[in-house]
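The structure under discussion appears below in the form of structure tokens.
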Amino acid sequence: VNLTDTRSDEALMLAFRAGEAAAFDVLYQRHRTWLYNTLCRQLQDRSKADDVFQETWLSLVRSATRYEPKAKFSSWLYLLARQRLVDQWRQINPDIESSTFNTDAHEAEQPDLVAALADESADPMRQLERQQMIAQLESAISLLPTLQREALLLAEYADLSLEEIASATGTSRETVKSRLRYARGKLAQMLVGVNK
Amino acid sequence: VKLPNNGPEHLPPDGSTDRPVGLKNTLPSLQPPGWLDEHILSVAHQQARMNAQVRSSTNKPKKSWLSSNSWVPWAGSLASAAVVLLLVTAQPLPPEAPARQTVDEAPAMPTAPATTAPTTTAPASTESATTRPAPTASAPTRSASASDSEPPVEAAKRAPTTGTKPAPPSRAAATSPPARAKAESAQPQASSPSVLATPSVPSAPSPPSVDAIDSANTAREFAKSAPPRGAAGVRQSTENQSSENQSAESKSYPSPTGAADAITAPNNERRAAVTPRTESVGQCAQQLDELLLASRKREAQQLFRRCAERFPEHIWPPVLRQRLELVEPKPPD
């Protein structure tokens, strides 16, 4: 895989649509990690994450001939993955949409995860505590509401902007911003509670 | 834990930038299994090949008809068909075809071949008189066909326009059969200024001898310009020639009225002298030359009339007619 390919994701996708297999290799290497981590933390199940991950990429391969660079490639990729994710979510919790929207009402009352992380010291002596905190963080993320977790993971792993997350999840920018705020507050609350 | 900043979107609402963020660098990175990577990549490569094939197949119809090679076969066949059609239409018809068509389809309109024939025969005869090439067989034939469709009166009227010395129709033309009239009508067409400029220069007086010499020279020149039709005719013996000519004369060439007394004279030599010995125009001219050299002008006139009657398709030079006193100057109006 040519990792030094400086072409954009959209250009690589167009090249793959034109029949260049190497372009897909570069795209896959760029986006496989964040997508897989996002799916794993969304579903909390590696096997299900593998299935969604595979179906997502195969769906991208099959729909490559219809690809048009209208949005960021990572947004489009996650949009494909989210169609499978929603199916998995509905199998787990049929009321996922309503429960998620209910959390928006408590946006102002939730503490900020970033603020909680900022309080952590970089002292090497606390490396062990850091490892423990990472495990707690993983657990806290898993406890987040689905759509808040989705927004948080897309923002943290996929480096998507609010507009791109909104485009990938089919919501508005303000909704994404609210979900992120709720997710971070809950994480901070959980982590502070653990630390205390 | 101090986490790196991941971007402005992850900043807190108050705008402060001194807080590290980034779960990506904090949480352990999970990797998909290798078999999943291989499977996805293999499927993607296969799809890429299919996309390439689809693109190559869909790009072909988008080519313009000029850049594609599909138009070459039918364009080539069309061009070849056009060339064949041009060749067929541009190929000249055989000389007999227009005359037959005119006679068969439009007998009342013989003007078309009559107008075209003189234009083709006159330069050829002029050239033959000046440069003296061998006369072709087609030129006399065309002139004869032209005179067939043209009345002798019209040809006689048209004669002064081509020659510098107009003359009324000769006695031979008035008394000879239609074949002679044809020859007479064809003769002025060939009389061009270049032909008239060729006669010998009049020299010192002694009228009989000079006249005979001039006439002999003219006949000699004409004999050169009109070679025999075939070498076999030249090589024929005189005995055979005379016998053949006598039989031919008695059968198909009756004597004109103007030469009746000369022919009816009981003189075998004279009779042999005025009879064309061969069927060759060149030998006729040679015989005329001999008679003119011997100052036997009357016999030469008779011989010329017979020759003109025998070879009506041949173009006899007007100079020779003048020397033989067959052409009289046109009386002034």
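Since the model is a prediction, treat every value here as computed from it, not as a measurement. Chain naming here is simple, since letters A, B, ... match the order of the sequence lines and numbering starts at 1 in each. All values below were derived from every heavy atom in this structure, side-chain atoms included, with hydrogens, water molecules and symmetry-related copies excluded.
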A:Q83 atom CD: more than 12 heavy-atom contacts under 6.0 Å: yes

pair B:H45-A:D25: side-chain heavy atoms closer than 4.5 Å: yes

Nearest heavy atoms of A:T65 and B:N51, plus distance in Å: CG2-OD1, 3.2 Å

Exam field: side chain A:N37 to backbone B:L30, donor-acceptor pair closer than 3.5 Å: yes

Heavy-atom contact with chain B under 4.5 Å, split by part of A:E138: both

Derivation and outcome, side-chain contact (heavy atoms from CB on, under 4.5 Å), residues B:V43 and A:R62: CA-CA 9 Å; B:V43 172; A:R62 286 190 295 266; over 6 Å; no

A:W34 CH2 to B:S29 OG distance, which is reported to the nearest 0.5 Å: 13.0 Å

Chain B contact residues among residues 51-58 of chain A, heavy-atom distance under 4.5 Å: A:F53, A:Q54, A:W57, A:L58

Per-residue contact mode, A:I141 against chain B (heavy atom under 4.5 angstrom): side chain

Top contributor to chain A contacts, counting heavy-atom pairs under 4.5 Å, from B:P32, B:A44, B:P33: B:P32

CD-CG distance between A:Q29 and B:L41, expressed to the nearest 0.5 angstrom: 7.0 Å

Value rounded to 0.5 Å, distance of CD in B:Q47 from CG in A:L60: 10.5 Å

Residue part contacting chain B, namely of A:Y28, when any heavy atom lies under 4.5 Å: side chain

